[in-house]
Peer 1: 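Pasting a structure below so you can have a look.
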Number of protein chains: 2
Amino acid sequence: MERYYDVAQNCLFSKTRTVSRYVTNLYTKALKEIGVTPVQYSMLTAIQILREGNINELSSALKMDRTTINRNLKPLLRDGHVYVNESKDKRERVVSITKEGEEIYDKGYKEWQKAQEELRAEIGEENWSELNAVLDSVIKVIAEK
Amino acid sequence: MERYYDVAQNCLFSKTRTVSRYVTNLYTKALKEIGVTPVQYSMLTAIQILREGNINELSSALKMDRTTINRNLKPLLRDGHVYVNESKDKRERVVSITKEGEEIYDKGYKEWQKAQEELRAEIGEENWSELNAVLDSVIKVIAEK
DNA sequence: CCTTTTTATGTGTATATGCACATTGTAGCA
DNA sequence: TGCTACAATGTGCATATACACATAAAAAGG
């Protein structure tokens, strides 16, 4: 019997996931009117920074599985936010943002800022800064692997 | 140009999501041999605590969308880990754990503990306790809504 | 008691996620 | 050069997630 409560109260997976769902829903609503999901918005960010990145580079930058990058590119391609070029290395595909993608991005920036502010207000200044700090620290560990 | 880096470095959605993916993968591997995902394991936990819970109660306990609960129950039903009974209120469906579900749960407890220990070792004691504390605090905010 | 409202749930659709497996192209080496 | 190892990507499959819409049953109110 006790073990149920052990898991329910102490599982870091559940906690992380619960907060992730909550945060995701908040950003999803904020970005909805411009027609991208927050995951797509973060992918556009990485694509802009890389300018011309292949799938492995995006995978590495976003710390997201290679095959997930592949799938997540599809709605962005379909909606004309990004395009893909071949490379000299015929195995490789190079992803770039389109003009329309940039426009969407700029529009979304305000909504993203609003989402950040809304979340900060919801959880409070102290949680906000502590959450940022500890997540940065954990991501650093992840990046070193 | 600057805004790309603003989003890339400061987006709490991305940070939360990145850590969530990482943590999920770790617990997924740990629980793989007993044949349940970490989400399923956390659902079994809630089902055990509630003993007889309907979908809304599970939704509330797990802070997961009602329709997500519905879908996530399907593999658990298929695999015989849980069963569903009707209630006096014919709209309602009451979910309980099976004997096999309990056995799976007990086996999984060791793996869950290992996953917790592994994550703690990976990210370090300080990150572990800070992450726990701030997530608890944020979940408290979520619960109050 | 009948109508209206509320409640509990299910389904269609779309995105997100990652493992296992397959394919194709490049590089390295004898 | 030709074979082998490796590297980049795609696909099948399964789970996870939530919104919009639909249905059926209970509760409320006259």
Side-chain angles (χ1 to χ4, degrees), chain A residues 13-14 16-33 35-44 52-60 62-79 81 84-95, chain B residues 13-14 16-33 35-44 52-60 62-79 81 84-95:
Chain A
F13 161 78
S14 299
T16 306
R17 192 96 177 181
T18 297
V19 170
S20 177
R21 279 194 300 268
Y22 169 71
V23 170
T24 297
N25 292 343
L26 195 149
Y27 283 72
T28 299
K29 280 172 193 125
L31 290 170
K32 190 172 188 181
E33 56 185 280
V36 296
T37 65
V39 168
Q40 288 166 7
Y41 198 77
S42 65
M43 288 188 64
L44 289 179
E52 295 195 316
N54 65 24
I55 290 185
N56 279 334
E57 288 164 344
L58 284 172
S59 170
S60 173
L62 291 161
K63 288 160 194 61
M64 203 179 279
D65 189 86
R66 173 183 76 67
T67 66
T68 303
I69 300 286
N70 189 341
R71 320 272 179 163
N72 290 358
L73 281 175
K74 297 198 172 166
L76 292 173
L77 281 163
R78 182 200 57 203
D79 298 340
H81 299 333
V84 169
N85 275 333
E86 287 195 353
S87 169
K88 280 166 223 164
D89 184 337
K90 292 291 169 61
R91 293 170 299 183
E92 194 185 17
R93 298 202 317 156
V94 176
V95 183
Chain B
F13 162 77
S14 298
T16 306
R17 193 98 176 177
T18 297
V19 170
S20 177
R21 280 194 299 270
Y22 170 72
V23 170
T24 298
N25 292 343
L26 195 149
Y27 283 72
T28 299
K29 279 171 194 128
L31 290 170
K32 189 171 187 181
E33 58 185 280
V36 296
T37 66
V39 168
Q40 288 166 7
Y41 198 76
S42 65
M43 288 188 66
L44 289 180
E52 294 195 317
N54 65 24
I55 290 185
N56 279 334
E57 287 164 345
L58 284 171
S59 170
S60 172
L62 291 161
K63 289 160 193 61
M64 202 179 281
D65 188 88
R66 172 183 76 68
T67 67
T68 303
I69 299 286
N70 188 340
R71 319 270 180 166
N72 290 358
L73 281 174
K74 295 195 174 168
L76 293 173
L77 281 163
R78 182 201 56 202
D79 298 340
H81 299 333
V84 169
N85 275 334
E86 288 194 353
S87 169
K88 281 167 223 164
D89 183 337
K90 292 291 171 61
R91 294 170 299 181
E92 195 185 16
R93 298 202 317 155
V94 177
V95 183

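Every chain is numbered from 1, with letters handed out A, B, ... down the list of sequences.
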Peer 1: Hey, what do you get for OG1 (A:T28) to OH (A:Y41), rounding to the nearest 0.5 Å?
Peer 2: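 Output value for this atom pair is 14.0 Å.
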
Peer 1: For A:T68, which residues count as a side chain to side chain donor-acceptor pair (under 3.5 Å) partner, sequence neighbours excluded?
Peer 2: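 Checked A:T68 against side chain to side chain donor-acceptor pair (under 3.5 Å); zero matches.
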
Peer 1: Can you build the contact string for nucleotides 1-11 of chain C? Use B for base contact, S for sugar-phosphate-only contact, and - for no protein heavy atom under 4.0 Å.
Peer 2: ------BSBBB

Peer 1: Output the rounded distance in Å from CG (B:L31) to C1' (C:dG18).
Peer 2: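 About 16 Å, once rounded to whole Å.
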
Peer 1: Could you work out, with side chain to side chain donor-acceptor pair (under 3.5 Å) as the rule, every residue matching B:R71, not counting sequence neighbours?
Peer 2: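 Counting only residues at least two positions away or on another chain, B:R71 forms no side chain to side chain donor-acceptor pair (under 3.5 Å).
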
Peer 1: Would you classify A:T37 as touching base, sugar-phosphate or nothing, given that sugar-phosphate means primed atoms plus P, OP1 and OP2, and contacts are heavy atoms under 4.0 Å?
Peer 2: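 The answer is sugar-phosphate, as A:T37 gets under 4.0 Å only of primed atoms, P, OP1 or OP2.
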
Peer 1: Identify the 5'-most and 3'-most nucleotides of DNA chain D with at least one atom closer than 4.0 Å to a non-hydrogen atom of chain B.
Peer 2: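 So the outermost contacting nucleotides come out as D:dT15 to D:dA26.
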
Peer 1: Just verifying a value: how many Å separate A:K29 NZ and A:L31 CG, rounded to the nearest 0.5 Å?
Peer 2: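 Answer rounded to 0.5 Å: 12.5 Å.
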
Peer 1: Return the value, rounded to whole Å, for the distance between atom CG of A:L73 and atom C1' of C:dT17.
Peer 2: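 For the pair A:L73 CG and C:dT17 C1', the rounded distance is 14 Å.
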
Peer 1: To the nearest 0.5 Å, what is the distance between CG (B:N25) and CG (A:D65)?
Peer 2: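 One finds 8.0 Å between CG of B:N25 and CG of A:D65.
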
Peer 1: Check whether any side-chain heavy atom of B:I69 sits under 4.5 Å from a side-chain heavy atom of B:M43, and report yes or no.
Peer 2: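 Counting from C-beta outward, B:I69 and B:M43 do come under 4.5 Å.
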
Peer 1: How long is the straight-line distance from NZ of B:K74 back to CG of B:D79, given to the nearest 0.5 Å?
Peer 2: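 One gets 14.0 Å once the value is rounded to the nearest 0.5 Å.
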
Peer 1: I need the residues from residues 23-30 of chain A with at least one non-hydrogen atom less than 4.0 Å from DNA chain D; give them sorted by number, or say none.
Peer 2: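 Within residues 23-30 of chain A, the residues near DNA chain D are A:N25, A:K29.
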
Peer 1: In Å and rounded to the nearest 0.5 Å, what is the OG1 to CD1 distance from A:T67 to A:I55?
Peer 2: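 Atom-to-atom, A:T67:OG1 and A:I55:CD1 are 10.0 Å apart.
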
Peer 1: Can you measure A:R17 atom CZ to C:dT17 atom C1' for me and round it to whole angstrom units?
Peer 2: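 Roughly 8 Å, once rounded to whole Å.
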
Peer 1: Would B:R66 and B:N70 count as a side chain to side chain contact (heavy atoms under 4.5 Å, CB included) here? Give the steps.
Peer 2: CA-CA 6 Å; B:R66 172 183 76 68; B:N70 188 340; 5.8 Å; no

Peer 1: Quick check: on DNA chain C, is the nucleotide nearest B:Y22 upstream (toward 5') of the one nearest A:D79, or the reverse? Name the residue that is more 5'.
Peer 2: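 Per heavy-atom nearest nucleotide, the more 5' residue is A:D79.
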
Peer 1: Residues in side chain to side chain donor-acceptor pair (under 3.5 Å) with B:Y27, at least two apart?
Peer 2: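 Partners of B:Y27 by the side chain to side chain donor-acceptor pair (under 3.5 Å) criterion, ordered by chain and then number, come out as B:Q116.
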
Peer 1: Any sub-3.5 Å donor-acceptor pair from A:S59's side-chain atoms to A:M64's backbone N or O?
Peer 2: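 Indeed, once roles are kept as given, a pair shorter than 3.5 Å links the two residues.
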
